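Just so you know, these numbers come straight off a predicted model, no measurement behind them.
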Amino acid sequence: MDLHCCSPVLRRGLAIACSLAIFGPFPGAGQEAIPAAEGPHHGIAVASIDPAVKPGDDFYRYANGDWIARTEIPADRASVGVFAILADHSNKNVATIIEEAAKSNAPGGSNARKIADLYNAYMDEGAIEARGLKPLEPHLAAIAAIRDQHDLAIALGKTLRADVDMLNNAVFSTPNLFGLWVAPGFSDSDHYMPYLLQGGLQMPSRDYYLDQSQHMKDVRVQYFTHVTTLFRLAGLEDADVRASRVISLEHDLAATHVSLADIEDIAKANNLWKRADFAAKAPGLDWEGYFDGAGLSQQRQFMVWTPTALRGEAALVASTPLDTWKDWLRLHLIEAYASVLPPALAKEQFSFFGTVMSGIQQQRPRWQMGVNLVNADLGDAVGEIYAQKYFSPEAKAQAQAMVANLIAAYHKRLDQLSWLAPSTRAEAQAKLDTLYVGIGYPESWKDYSTYEVRPDDAFGNAWRASLWEYQREVARIGKAVDRHEWSMEPQTVNAVNLPLQNALNFPAAILQPPFFDPQAPAAVNYGAIGAVIGHEISHTFDAEGSAFDSKGRVRNWWTREDHAHFEQQAEKLERQYDAYEPFPGVHVNGKQTIDENIADLGGVAAAYDGYRASLNGAEAPAQEGFTGDQQFFIAFGQNWASKTREAALRRQVLTDGHSPGEYRADIVRNSDAWYAAFGVKPGEKLYLAPDDRVRIW
Ligand SMILES: [Zn+2]
């Protein structure tokens with residue numbers, strides 16, 4: 001699972017909210033200095049601290065209060081924070097790479113030429129406007145030609161894309177009927193398998209269609225207006241009639257969906273279906289036609305992640321009128337490509353998915369969206385240059401040394417944990433021994449030679465990119481797994497645990513201040529990036545990690561007693577998070593966020609050990625009046641400095657496996673060392689009696 005909500009890099013074909021690079025918790029405008037080491041100063045950001053707040057009452061506001069007070073969310077963003085500000089730095093670097101690619105006059109077919117052409121075609125709004133709706137015509141004609149259930153099944157199959165990822169990047173929704181993920185098999189982790197996930201909704205999750213709160217009812221009213229407008233702009237008559245039947249179909253699809261907590265439950269996802277099983281277990285859809293359309297007619301077996309939803313959705317294909325499905329296909333086509341169609345469509349899409357759904361007032365400058373587009377469709381081509389240009393071998397070596405210390409810290413903690421059975425301990429140690437930790441950039445790069453980019457065809461470039469990525473993934477099915485393969489680009493500010501590969505990726509873009517500064521004190525680096533590395537390592541043996549052994553196979557290696565102890569501690573932490581209330585009546589969902597909260601808990605604990613070990617018994621030097629331990633915890637709290645608009649935060653609470661940043665910072669209340677560092681006393685708001693502090697790893 002990744003470290004941070006809604007990966008800031010655009011990935012083609014994700015749930016619409018992420019796929020268009022204009023929504024979601026996006027790179028901040030960077031008007032504020034990064035709240036930590038920058039320029040000649042190396043250490044915690046003292047200027048971000050609010051000394052009027054007692055650390056024991058509200059640690060997040062103590063560490064970040066002054067930064068919060070002076071920081072505004074830019075009009076074109078849903079949020080601003082450390083991740084966003086760093087992502088802005090990364091985007092500026094990528095913009096430089098694009099500029100240089102354009103100037104280099106590189107030969108046709110080269111990566112540099114593709115980068116320049118992809119960007120320039122997107123930036124030429126005049127040409128996009130002049131083409132109007134023409135690029136849609138052949139696709140709309142194909143939809144109009146659908147005559148029966150067989151044609152419909154083929155058309156639905158043709159929309160299948162490799163656009164979900166249930167374990168690495170936590171992408172749980174797709175607007176297409178189903179989503180495909182190609183990953184190592186649950187039982188045969190040496191070969192890639194196809195996994196199928198529920199889908200079909202434009203809005204981010206079932207709750208947007210089913211929840212009866214006034215807020216969600218209001219969103220649905222505006223969604224109707226949006227869909228109607230989009231149909232009208234695409235030149236379709238009876239736009240409101242079409243809108244209401246498409247939304248009604250999406251509502252029915254949503255009702256078949258399982259919850260996010262269920263999707264995250266590996267045991268429920270382990271369903272191997274042979275081809276014949278589809279017709280028997282999920283009647284209604286002409287599966288032969290569907291797999292033909294998807295180019296998967298040769299594939300004999302699939303992993304079905306959400307079997308009840310597949311059954312429900314397949315039944316709706318048969319029971320819903322053909323004309324409604326045709327309108328559903330039209331809407332989903334237009335939404336998927338609005339960003340490369342005339343500006344009126346892109347603007348309408350932004351006004352709903354940007355403003356209504358995320359509270360963003362203003363669309364981002366086009367060049368920034370162009371950068372995101374290039375990152376999405378030529379991510380490795382950019383990443384290869386980025387890694388050479390912006391990540392030094394020295395930084396890589398130092399980060400690798402920290403990783404080694406963190407792993408040593410976990411080995412020690414595992415040795416000392418009394419609740420683990422000896423067999424469990426042995427497998428946990430084996431997982432640590434075989435863990436692949438990628439630092440900075442991958443060992444090999446995607447080959448884009450078969451992806452055709454034209455300098456004057458923004459729509460076609462986007463269409464071919466999505467198809468190219470899909471075909472690349474499909475071609476991998478059945479092939480041998482490369483455990484060193486990355487699942488994030490170097491220019492992405494995030495980190496990820498890949499449980500089926502027993503691997504971690506830390507991209508170059510997160511390995512910079514304030515997370516990582518080769519010249520900062522050890523206390524600060526361990527509190528900031530150390531806790532991030534510790535977070536990812538802990539996923540290796542948490543509830544998710546316990547389902548995968550040291551070879552990445554799905555095999556639960558915990559004993560019943562281990563589980564019982566773990567569950568009991570996890571429940572304590574769930575209750576701690578259930579109590580947080582970002583809006584009156586809206587609580588953090590302790591169950592939905594439990595894996596990530598446990599990872600934060602373990603991450604801080606191991607990072608603290610790694611930091612103490614790095615001192616070799618000496619006391620850390622104080623800096624600007626803060627002890628080493630205080631610097632460690634403040635650096636951790638400053639990782640999570642962020643401000644988010646209400647609509648976006650509400651959405652995060654509903655749809656994200658990560659808690660909002662504020663509560664992630666407060667995980668420190670479970671650490672004895674934090675109480676000692678700040679003299680936290682009973683009666684202060686975050687105070688927990690020693691027995692109530694949760695200890696897992
Ligand atoms: Zn995580």
What's the shortest heavy-atom distance between [X] and [Y], and which atoms?
X: I49; Y: D66; value: O-CG, 3.2 Å
X: S48; Y: R70; value: OG-NH2, 3.9 Å
X: A531; Y: A607; value: N-CB, 3.6 Å
X: V653; Y: P660; value: CG2-CG, 4.1 Å
X: N525; Y: A520; value: ND2-O, 3.7 Å
X: N597; Y: S659; value: OD1-OG, 2.8 Å

Do side-chain atoms of [X] reach the backbone of [Y] as a donor and acceptor pair under 3.5 angstrom?
X: Q512; Y: A509; value: yes
X: T424; Y: L420; value: no
X: K431; Y: G552; value: no
X: W181; Y: M166; value: no
X: K643; Y: I68; value: yes
X: E561; Y: A421; value: no
X: Q400; Y: G438; value: no

Side chain to side chain, [X] and [Y], heavy atoms closer than 4.5 Å:
X: P442; Y: E485; answer: no
X: D50; Y: R61; answer: no
X: F548; Y: T540; answer: no
X: S189; Y: L500; answer: no
X: F583; Y: R650; answer: yes
X: E581; Y: V586; answer: no
X: W419; Y: Q569; answer: no
X: K685; Y: D58; answer: no

Point-to-point distance, once rounded to the nearest 0.5 Å, from [atom1] of [X] to [atom2] of [Y]:
X: D692; Y: K572; atom1: CG; atom2: NZ; value: 6.0 Å
X: F633; Y: I667; atom1: CZ; atom2: CD1; value: 12.0 Å
X: S642; Y: I73; atom1: OG; atom2: CD1; value: 9.0 Å

May I ask you to check whether [Y] and [X] place their ring centres under 6.0 Å from each other?
X: Y195; Y: F186; answer: yes
X: F678; Y: Y62; answer: yes
X: W697; Y: F541; answer: yes
X: F59; Y: W674; answer: yes
X: Y687; Y: Y675; answer: yes

Restricting to side-chain hydrogen bond (donor to acceptor under 3.5 Å, both in side chains), what partner residues turn up for Y580, sequence neighbours left out? R669
Check the pair N670, Q576 against side-chain hydrogen bond (donor to acceptor under 3.5 Å, both in side chains), reporting the backbone distance first and the verdict last. CA-CA 10 Å; N670 296 291; Q576 211 177 92; 3.0 Å; yes
Between [X] and [Y], is there a side-chain N and carboxylate O pair less than 4.0 Å apart?
X: R425; Y: D415; result: no
X: K412; Y: D609; result: no
X: D672; Y: R695; result: yes

Salt bridge (charged side-chain N to carboxylate O under 4.0 Å, His left out) partner of E427, the single match among R555, R553, K551: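 Going through the options one by one, the only one that passes is R555.
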When you check the side-chain N and O atoms of [X] and [Y], is any donor under 3.5 Å from an acceptor?
X: S79; Y: R645; answer: no
X: H42; Y: D517; answer: yes
X: H411; Y: Q429; answer: yes
X: H658; Y: D656; answer: yes

Assess whether side chain to side chain contact (heavy atoms under 4.5 Å, CB included) is satisfied between E443 and Y436, documenting all intermediate values. CA-CA 12 Å; E443 290 159 30; Y436 165 71; 2.7 Å; yes
Please check if atom NZ in K54 has more than 12 non-hydrogen atoms from other residues, nucleotides or ligands closer than 6.0 Å.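 Open.
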Enumerate donor-acceptor pairs with a distance under 3.5 Å from any side-chain N or O in residues 612-622 to protein atoms, sequence neighbours excluded.
from: R612; atom 1: NH1; to: D629; atom 2: OD1; distance (Å): 2.7
from: R612; atom 1: NH2; to: E619; atom 2: OE1; distance (Å): 3.2
from: S614; atom 1: OG; to: Y611; atom 2: O; distance (Å): 2.7

Option among N497, N505, N169 that satisfies the side-chain hydrogen bond (donor to acceptor under 3.5 Å, both in side chains) test with S487: N169
Test side-chain contact (heavy atoms from CB on, under 4.5 Å), reference S550, set L432, L435, T434, output is T434
Show, in sequence, the C-alpha distance, side-chain angles and deciding distance for Y608 and F632, and conclude whether the ring-ring contact (aromatic ring centres under 6.0 Å, His included) test is met. CA-CA 8 Å; Y608 182 78; F632 171 87; 5.4 Å; yes
Mind running side-chain hydrogen bond (donor to acceptor under 3.5 Å, both in side chains) on S671 and R693 for me, showing each step along the way? CA-CA 7 Å; S671 162; R693 296 172 198 165; over 6 Å; no
Checking side chain to side chain contact (heavy atoms under 4.5 Å, CB included) for the pair E662/W640: CA distance, chi angles, key distance, verdict? CA-CA 6 Å; E662 161 172 8; W640 307 113; over 6 Å; no
Test W305 against V164 for side chain to side chain contact (heavy atoms under 4.5 Å, CB included), laying out the working first. CA-CA 11 Å; W305 202 276; V164 293; over 6 Å; no
Given the rule in the side chain to side chain contact (heavy atoms under 4.5 Å, CB included) test, do H535 and E596 qualify, once you have shown the distances and angles that lead to the verdict? CA-CA 8 Å; H535 171 113; E596 297 304 324; 2.9 Å; yes
Would you check, one step at a time, whether the test side-chain hydrogen bond (donor to acceptor under 3.5 Å, both in side chains) holds for E489 with N375? CA-CA 8 Å; E489 283 92 24; N375 271 333; over 6 Å; no
Step by step, work out the ring-ring contact (aromatic ring centres under 6.0 Å, His included) result for F566 and W558. CA-CA 10 Å; F566 184 84; W558 286 10; 4.7 Å; yes
Could you go step by step and tell me if D562 and T559 meet the side-chain hydrogen bond (donor to acceptor under 3.5 Å, both in side chains) rule? CA-CA 5 Å; D562 295 330; T559 65; 2.9 Å; yes
